[in-house]
Amino acid sequence: MAIQILNSLTMKKEPFVPIEDGKVKMYVCGPTVYNYIHIGNARPPIVYDMVRRYLEYRGYEVLFVSNFTDVDDKIIRAANELGEDVFDVANRFIEAYHQDTCALGVKPADKHPRVTETIPDIVEFIEVLEQKGYAYASGGDVYFRTRKFKGYGKLSSQSIDDLKSGSRIEVDERKDDALDFVLWKAAKDGEVSWDSPWGKGRPGWHIECSAMVKKYLGDTIDIHAGGQDLAFPHHENEIAQSEALTDKQMANYWMHNGFINIDNEKMSKSLGNFVLAHDIIRQHSPEVVRFFMLTAHYRSPINFSSELLDGAQNGLERIKTALALMKHRLSDSADFGEPSDWLEKVAELRDRFIREMDDDFNSANGIAVLFDAAKEANRYNREAQTSKAVLTAFITLFDELGGVLGLELHQEAELLDEEVDQLIEKRNNARAERNFQEADSIRDQLKEQGILLEDTPQGVRWKREVRA
């Protein structure tokens, strides 16, 4: 079965057929780096990292590009407020982005281009649009003639007349038409700028992604993705610019992830519920945040709260514990053959995971398979006699599925210091002598040190307590 993608351009699920067999060219719109990313900004990196991982799991070679907008009105304003250089502000928050997304299990893109590195390509792009009659200069600015591009509105399913009457269109007397959007902005006094045929200035927001896609991935790419809020006008304008330039389709598949609500309300600064990812991953395990994000389908809105994160932590812990029990049993288990029914069960779980993920990267259902795998693993682990082949098959399954979702399911095997090691041995002796009062007292001592004990049929296991 082929992977099916809900293509935002057609609003239909379509079988994924790459331009080049076995290879995928994928572009994801990155952040404007004037501050730490908020928790809504963190969803696209996590979601499309999962998509990338799954495509690789299914055998594709993925060329993954995600940009940084490192010059912009917001960055200039932030630099002025902080009394800092624009590039220093951008560099600091690019580094913060890398730190936060790395903590969230996001692999670096194959290329992270910056606007400031792409100025010559952007200028050349605009020059060709001007030569083709799609762009015009006015007062040092350059605008795109929206009405000249016949397909405008096809991504957002809006007609030109509907857009004309919409409140989101900026009115500017320098434009020939209110629908026209800026490609190049004339520099204001004291602003960072670059030389161009139209005078000193800098790129408009939309043109940067079109130029980067063309430079690093080509005229037509397989997948273009980003948050739902980018569909209009940003992605609509990208399509217009790129297809006007090349006379080719910009992307064969468009993907858009849903919004995040905070405690059942839309996240916004005005409501005071604006939450930075930088802060969240210091209060909660970043792996739990990632797991939580993937428990909803990427296109669905997701509600975010500390209580829901706590629930996600408990769920992730159940899966990790099941895997740890398997590993513990494997380490001291005799081999009693290869019962085919259990090996078939493992194979069925893997096949089901693939079916669910093939259906538009449904990580929510993929995680449901992980929970079922944990349930079956626990059921098998309770059997008196176990097969090393089955235990190994379960462990391999957890590794595979966890890897696709970007989750490290193996619990850290931290070494106990000598004092704690002696306490565990002392407790084992107390239990053997049926001195349960002393055994409980030692358990309490260990808990104070963040060591949680679990008495299993296969012996005592321990783990570090997760503390905020």
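In this text the structure is predicted, and so the values were computed from the model without any measurement. We're numbering straight along the sequence, starting at 1.
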- Task: Verify side-chain contact (heavy atoms from CB on, under 4.5 Å) between Tyr134 and Leu245, making sure each step is shown before the conclusion.
- Result: CA-CA 9 Å; Tyr134 282 100; Leu245 184 87; over 6 Å; no
Looking at [Y], is its backbone amide N or carbonyl O close enough to the side chain of [X] to form a donor-acceptor pair, meaning the two atoms are under 3.5 Å apart?
| X | Y | result |
| --- | --- | --- |
| Thr118 | Met212 | no |
| Arg290 | Leu407 | no |
| Tyr54 | Ile354 | yes |
| Ser138 | Lys175 | no |
| Asn7 | Asn252 | yes |
| Glu287 | Glu408 | yes |
| His297 | Asn362 | no |
| Gln228 | Gly258 | no |
| Lys248 | Thr220 | no |
| Thr295 | Phe292 | yes |

- Message: Please determine whether side-chain contact (heavy atoms from CB on, under 4.5 Å) holds for the pair Phe361 and Ile3, giving the CA-CA distance in whole Å, both sets of side-chain angles, and the decisive distance to 0.1 Å.
- Response: CA-CA 8 Å; Phe361 308 100; Ile3 295 171; 3.8 Å; yes
Rounded distance (nearest 0.5 Å) linking atom [atom1] of [X] with atom [atom2] of [Y]:
| X | Y | atom1 | atom2 | answer |
| --- | --- | --- | --- | --- |
| Leu9 | Ser156 | CG | OG | 10.0 Å |
| Glu14 | Gln4 | CD | CD | 9.0 Å |
| Asp222 | Phe16 | CG | CZ | 4.5 Å |
| Met326 | Thr321 | CE | OG1 | 12.5 Å |
| Ile46 | Arg43 | CD1 | CZ | 9.5 Å |
| Thr32 | Asn41 | OG1 | CG | 9.0 Å |

Does any part of the side chain of [Y], heavy atoms only, come nearer than 4.5 Å to the side chain of [X], both counted from C-beta?
| X | Y | value |
| --- | --- | --- |
| Arg352 | Asp372 | yes |
| Asp360 | Arg299 | yes |
| His235 | Ser8 | no |
| Leu401 | Leu349 | no |
| Met293 | Met50 | no |
| Arg202 | Ser193 | no |
| Trp194 | Val123 | no |
| Phe144 | His206 | no |

- Query: Which is it for His98 and Phe68 under the ring-ring contact (aromatic ring centres under 6.0 Å, His included) test, yes or no, and what are the steps along the way?
  - Reply: CA-CA 11 Å; His98 282 309; Phe68 288 118; 5.4 Å; yes
Nearest heavy atoms of [X] and [Y], plus distance in Å:
| X | Y | result |
| --- | --- | --- |
| Gly402 | Leu409 | CA-CD1, 3.9 Å |
| Gln241 | Ser210 | NE2-OG, 2.8 Å |
| Leu55 | Val62 | CB-CG2, 3.8 Å |
| Ser363 | Ala296 | OG-O, 3.5 Å |
| Ala137 | Trp198 | CB-CD1, 4.0 Å |
| Ser66 | Ala109 | N-CB, 3.9 Å |

- Query: Quick one: which of Asn67, Thr69, Asn91 gives a side chain to side chain donor-acceptor pair (under 3.5 Å) with Arg114?
  - Reply: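 The option that passes is Asn91.
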Output yes when [X] and [Y] qualify as a salt bridge under the 4.0 Å nitrogen-oxygen rule, no when they do not.
| X | Y | result |
| --- | --- | --- |
| Glu191 | Lys185 | no |
| Asp121 | Lys214 | no |
| Arg52 | Asp110 | yes |
| Arg355 | Asp359 | no |

- Message: Tyr34 vs Asp72, test: side-chain contact (heavy atoms from CB on, under 4.5 Å). Steps then yes/no.
- Response: CA-CA 9 Å; Tyr34 67 99; Asp72 174 89; 5.8 Å; no
Does [atom1] belonging to [X] count more than 12 external heavy atoms closer than 6.0 Å?
| X | atom1 | result |
| --- | --- | --- |
| Lys107 | NZ | yes |
| Glu124 | CD | no |
| Glu400 | CD | yes |
| Lys74 | NZ | no |

- Before giving the answer on side-chain contact (heavy atoms from CB on, under 4.5 Å), spell out for Asp195 and Lys200 the whole-Å C-alpha distance, their side-chain angles and the decisive distance to 0.1 Å. CA-CA 5 Å; Asp195 292 328; Lys200 286 188 173 294; 2.7 Å; yes
- Under the salt bridge (Lys or Arg N to Asp or Glu O under 4.0 Å) criterion, do Glu117 and Lys215 qualify, and how do the steps go? CA-CA 11 Å; Glu117 299 170 343; Lys215 179 176 182 177; over 6 Å; no
- Quick one: sort the His256 and Trp254 rings into parallel, tilted or perpendicular, breaks at 30° and 60°.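 Correct class here is parallel.
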- By ring pair (Phe, Tyr, Trp, His ring centres under 6.0 Å), which residues pair with Tyr36, not counting sequence neighbours?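 With neighbours one apart ignored, the set is Phe93, His278.
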- With a 3.5 Å cut-off and no angle check, do the side chains of Asp399 and His410 form a donor-acceptor pair?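 Yes, a side-chain donor-acceptor pair sits under 3.5 Å.
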- Message: So if I apply the side chain to side chain contact (heavy atoms under 4.5 Å, CB included) rule between Phe353 and each of Glu356, Met357, Arg350, which one comes out positive?
- Response: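 Passing option: Met357.
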- ring pair (Phe, Tyr, Trp, His ring centres under 6.0 Å) partner of His224, the single match among Phe64, Tyr27, Tyr48: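 Passing option: Tyr27.
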